[in-house]
Every structure is written in structure tokens, then in C-alpha cells.
Student: 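Got a structure here, written out as C-alpha cells. Questions coming.
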Amino acid sequence: MSLLTRLALGLAAFALVLLILAPLVGIVAGTDVASLMTALQHPLVWPALTLSLLTTATSLALILLFGTPLAWLLSQRSGPGWRALEALMHMPVVLPPAVAGLGLLLAFGRDGWLSGVLYPRGASLSLTTAAVVLAQTFVAAPFYLQAATEAFRQLDPRLTLVAQTLGASPARRFFSVVLPVSRSALVGGAALSWARALGEFGATLIFAGSLSGRTQTLALAIYAALEADVRVAQALSLVLVAVSLAVLVVVRLQPRATAGP
Amino acid sequence: MTLALDVQGQVGALTVTARLTAGLEPLVLVGPNGAGKTSLLLLTLGALRPTRGMVTLHGDVLCDTARGLALPIEARRIGYVPQDFALFPHLDVLGNVLFGVPRSHPDRPLRAVELLARFDLTALARRRVGTLSGGERQRVALARALAAEPRALLLDEPLASLDVEARHEVRAALGETLRSLGIPAVIVTHDAQDAAALGCALVVLEHGQVTQSGTFEALGAAPATPFVRSLVARRG
């Protein structure tokens with residue numbers, strides 16, 4: 001490889017590294033502990049932080065509760081209908097957040113097509129904390145679903161067959177073999193889902209609004225803080241950067257395959 | 001005490017047809033790769049549905065296509081040691097064996113500990129199965145299968161993943177163990193020396209069909225196919 005080629009390659013690589021790291025440096029640099037502590041006492045911060053923790057915990061619980069059985073079904077069925085369903089379940093990943101928000105509004109809002117079906121006509125989820133949870137679940141579920149489906153697919157079918165010959169019931173096979181053997185992949189998927197839910201912005205803003213203490217999550221509070229005090233926005237961002245970094249470490253530390261001995 | 005099969009099953013393009021009876025002497029199912037040996041075990045377990053035929057164990061019907069009867073896998077009480085053993089990777093040695101002990105057993109831990117001692121695994125009780133040697137893993141798989149008090153035992157290539165040195169030793173021990181169980185055992189192998197060492201009753205399966213059965217001596221006296229001839233020659 002000539003010197004020129006190597007130089008061009010290095011420059012190209014450096015450009016993207018710079019682009020990805022520069023905003024992170026911007027958030028971390030120029031913050032000292034004292035001003036961080038002051039900023040974190042701003043009235044915007046505490047309600048947003050607790051709301052984010054509450055709503056993401058709820059949406060993650062919903063994703064695990066409903067996503068695990070769905071992932072199992074998807075992993076065990078192979079018809080074209082199931083393939084199509086699996087592809088559809090990944091739509092929220094590629095859907096623009098604004099479109100997701102509008103879709104949620106048109107389904108669960110006051111005039112949504114589910115109004116009068118799920119709850120009395122005229123009632124609405126929009127602008128409530130439940131709407132935040134719904135938006136987070138919608139955008140974050142595919143990450144867990146994909147990880148879990150893939151993990152279940154890679155599971156050695158002889159493990160469950162042996163368990164069956166040992167007299168294990170379907171429930172015991174699922175809870176004592178399938179889940180623990182797939183654990184690392186499930187934890188990784190759950191961490192990604194949670195991080196996505198925590199950062200949810202567009203769909204929440206359109207469907208749930210930005211009401212402090214009710215629908216204003218950390219991500220929305222950053223946007224609101226930008227108008228009041230940029231240091232508060234920076235402090236909130238720092239919290240999210242730290243959490244994101246922790247999630248990345250968790251995901252990276254999980255062994256990739258659910259390999260047997 | 002017999003396991004009797006008279007089944008036909010379809011696995012992809014291969015039609016597996018077999019009629020055999022295993023008594024207290026271990027039965028060795030031998031044949032080239034792709035002959036349908038594993039499929040025959042799966043048909044016996046109930047993991048594959050026979051297209052026609054019957055499986056009985058000690059006179060109890062486990063499966064009878066004519067009557068539309070098929071007992072679920074978990075109710076057949078047939079122990080299974082798959083190729084590479086499929087030990088539960090998230091459990092230690094004790095956990096694997098304990099998994100097999102029925103929940104109705106009055107003293108599950110004691111039963112598991114007894115089995116560990118019987119298979120010389122006591123010192124390894126807390127080891128993760130991923131760290132065990134091939135021979136150790138095989139003993140764990142056997143102990144786990146026997147923990148469920150099976151009425152028959154099926155072993156798929158139990159010696160294939162062992163190195164040559166361990167194989168000699170384990171082969172003899174396995175044969176002895178299987179004879180001492182007092183239940184029918186079917187062992188699948190593609191290896192002539194394993195077949196010779198493990199049992200006196202052999203069934204040769206080729207292209208899904210039984211081509212010959214009998215003792216090694218009988219097979220050697222009148223080999224019915226080129227495979228049987230080479231099998232007898234490979235025994236050395």
C-alpha cells in the first residue's frame with residue numbers, strides 16, 4: 001500500500017471518528033462538578049428524571065412481558081405469514097419518529113380508530129403518562145424482539161428435547177432451559193431497548209406532548225432546557241451520555257453466541 | 001424387558017424403515033453417515049412421528065399409527081444421550097444431574113449425589129460443564145439420563161467426541177455400565193471398533209433400511225453388503 005493510499009484511508013477513517021466523538025466531547029468538556037451539581041438542581045431536572053425512570057421501567061416491563069412470547073413464536077414458526085409479521089414488527093426501527101408519533105395519535109388519540117374500541121369514544125391516551133409509555137414501547141420493542149428471536153433460533157433444539165425426555169413440562173423447559181441459556185442475548189436486547197426508550201423524543205413529543213411531571217421525559221426536558229439555560233441541557237445530556245455508555249458496556253460484555261459446552 | 005420397534009418414518013428424502021427388538025443386552029445400531037440412525041432414535045423418542053408402525057416398551061404401546069396413538073415424549077420415560085451430549089450449559093454438573101431427578105422424588109438432592117458418586121463425578125459437582133473433558137461430559141450425560149429413572153436408554157454416538165486415548169477406556173466402562181442397568185439400551189455408532197466393544201447384538205442400517213443384524217461373528221461369516229464387509233474388516 002502506497003503512502004498516499006494509507007494517508008487517504010487514515011483521513012477517511014479519522015473523519016468519521018471525529019464526527020462521532022466531537023458531540024460527546026462537546027457535552028463532557030466544559031462541565032465541572034460544581035456547575036453540574038447546580039444545574040441538576042434546576043426545577044426541570046428532577047421531575048424529568050423520575051418520569052423517565054418510571055416510564056422506561058414500565059415500557060421495558062411491557063416489552064419483556066409481551067415480547068418474549070412473541071419472539072418465541074416467531075423463532076419457532078417458519079411460514080411466509082410469520083416472516084412477514086417479523087418484518088413488520090421491525091418497522092418502528094426504520095420509521096421516522098414523527099411518523100410514529102402521528103400513527104400513535106391516529107390509533108390511540110381522541111379521534112383514533114381504536115377510540116371506542118379499547119376505551120370509551122372521546123377518551124384519549126394522548127398527553128398522558130401512559131402515552132409516553134406507549135410511544136417508548138412502540139419504538140423500543142423491536143430491539144429486544146430481534147435479539148430474543150435470534151437467540152431462540154440459535155438455541156440447540158436438542159437441549160429442549162433432552163429436557164423433554166427427562167419429563168420436563170413445556171413451562172419448565174421454557175423457564176429452566178430456554179430462558180437461562182438465552183440469558184445473555186436477552187439482557188443485551190433488553191439493554192438496547194431500554195436505551196432506545198430512554199432517548200425517545202419525536203414520537204413522545206407528538207403523541208404525549210411535553211408537560212412537566214406528566215409527559216416531559218429527560219430527552220424532552222433537554223429540548224425545553226435549551227430555551228432556558230444551556231447548562232441545564234448540558235447537565236441532563238451528561239446524565240444520558242453516562243447511561244448510554246453503561247448500556248453499551250453491558251451489551252458489549254454479553255457473550256455473542258448462546259453456545260453450548 | 002424389551003424395547004420393540006416396527007416403524008417407518010420420512011426424514012427429508014430418506015425413508016427410514018426398521019424392525020428391531022432390544023433386550024437387556026445393549027443393541028448397537030451401526031451404519032454409514034446419513035443412514036438414518038439418529039432419525040431412528042428420534043422416531044423411538046417421539047421427536048419424529050412415524051408415517052406408520054408401532055413402538056412398544058415392556059409391552060406398553062408408546063406409539064401406534066394404526067390406532068392414532070402417540071404418547072408425548074415426556075411421558076415415554078426413555079433416556080436420551082444425544083451426540084455431543086447437549087448438557088445444559090447454564091448449569092453445573094450437579095445441576096445437570098438434578099434436572100433429571102423427578103420432582104416427585106422424596107429426596108432429590110440425595111438422589112443426584114448418589115448418581116454423581118456412581119459415575120465418579122463427586123469431585124466435579126460444582127464445575128461448569130463447559131470445562132469438562134469429553135469422557136467427563138459423557139458420564140454427566142449418562143447420570144442425567146438415568147436420574148429420570150428411564151425404562152430404556154438411547155445413546156447417539158456416545159464415543160464420537162472423545163479422543164483416541166480416552167475412547168479405549170471409556171468404551172469398556174460404557175459397555176459395562178449399560179449391561180448393569182437392567183433396561184434396554186440402543187447405541188448408535190458409525191465406528192466398527194466401538195460397535196464390536198459395546199455389544200454382541202448389532203443392527204446394520206444403510207440408506208434407511210436394515211441390511212443385516214446379528215453378532216459380529218455372524219456378520220463376518222456372511223457379510224450381506226459391501227458396508228458390512230468393510231465394517232468387519234475395520235474391526236481389525
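For clarity, every value in this text was computed on a predicted model and none was experimentally measured. Computed from heavy atoms alone, side chains included, the values below leave out hydrogens, waters and symmetry copies. In what follows, chains carry the letters A, B, and so on, assigned in the order in which the sequence lines appear, proteins first and then strands, with residues in each chain numbered from 1.
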Student: Main chain of B/Gln8, side chain of B/Thr51: is a donor-acceptor contact present, judged purely on distance under 3.5 Å?
Tutor: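 A pair under 3.5 Å: yes.
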
Student: Quick check: under 4.5 Å, non-hydrogen atoms only, which of residues 161-176 of chain A neighbour chain B?
Tutor: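 The list, in residue order, reads A/Leu161, A/Val162, A/Ala163, A/Gln164, A/Thr165, A/Leu166, A/Gly167, A/Ala168, A/Pro170, A/Arg172, A/Arg173, A/Ser176.
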
Student: Heavy-atom distance under 4.5 Å to chain A: side chain of B/Ala147, backbone, both or neither?
Tutor: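 The answer is neither part of B/Ala147.
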
Student: Highest number of heavy-atom pairs under 4.5 Å with chain A: which of B/Arg76, B/Arg103, B/Glu149?
Tutor: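 Among B/Arg76, B/Arg103, B/Glu149, the one with the most close pairs to chain A is B/Arg103.
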
Student: Please tell me if the side chains of B/Lys37 and B/Val16 come closer than 4.5 Å, counting only heavy atoms from C-beta onward.
Tutor: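 They are not in contact (no side-chain heavy atoms under 4.5 Å apart), so the answer is no.
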
Student: For residues 236-245 of chain A, run the donor-acceptor check on the side chains, cut-off 3.5 Å, and write out each pair with its distance to 0.1 Å, sequence neighbours left out.
Tutor:
| unit_1 | atom_1 | unit_2 | atom_2 | d |
| --- | --- | --- | --- | --- |
| A/Ser237 | OG | A/Ala233 | O | 2.7 |
| A/Ser244 | OG | A/Leu240 | O | 2.6 |

Student: Can you say whether B/Ile78 sits under 4.5 Å from chain A via the side chain, the backbone, both, or neither, judging by heavy atoms?
Tutor: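 The backbone, not the side chain.
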
Student: Please classify the contact between B/Leu42 and chain A as side chain, backbone, both or neither, with a heavy-atom cut-off of under 4.5 Å.
Tutor: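 For B/Leu42, the contact with chain A is made by the side chain alone.
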
Student: Only pairs under 3.5 Å count here: list side-chain donor-acceptor contacts from residues 23-31 of chain B, not counting sequence neighbours, and write none if there are none.
Tutor:
| unit_1 | atom_1 | unit_2 | atom_2 | d |
| --- | --- | --- | --- | --- |
| B/Glu25 | OE2 | B/Arg179 | NE | 2.8 |
| B/Glu25 | OE2 | B/Arg179 | NH2 | 3.1 |

Student: Applying side chain to side chain donor-acceptor pair (under 3.5 Å) as the test, list every pair that has at least one member in residues 70-96 of chain A; sequence neighbours left out.
Tutor: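 Found A/Arg83-A/Glu86, A/Glu86-A/Arg153.
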
Student: Please answer whether the main-chain N or O of A/Val187 pairs with a side-chain N or O of A/Arg183 as donor and acceptor at a distance below 3.5 Å.
Tutor: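 Absent.
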
Student: With a 4.5 Å heavy-atom cut-off, do B/Val129 and B/Phe88 have their side chains touching?
Tutor: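 No; the side chains remain at least 4.5 Å from each other.
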
Student: Using modelled atom types only, decide if a donor and an acceptor are shared between the side chain of B/Arg139 and the backbone of B/Asp120 within a distance under 3.5 Å.
Tutor: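 Side chain of B/Arg139 to backbone of B/Asp120: a pair is present.
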
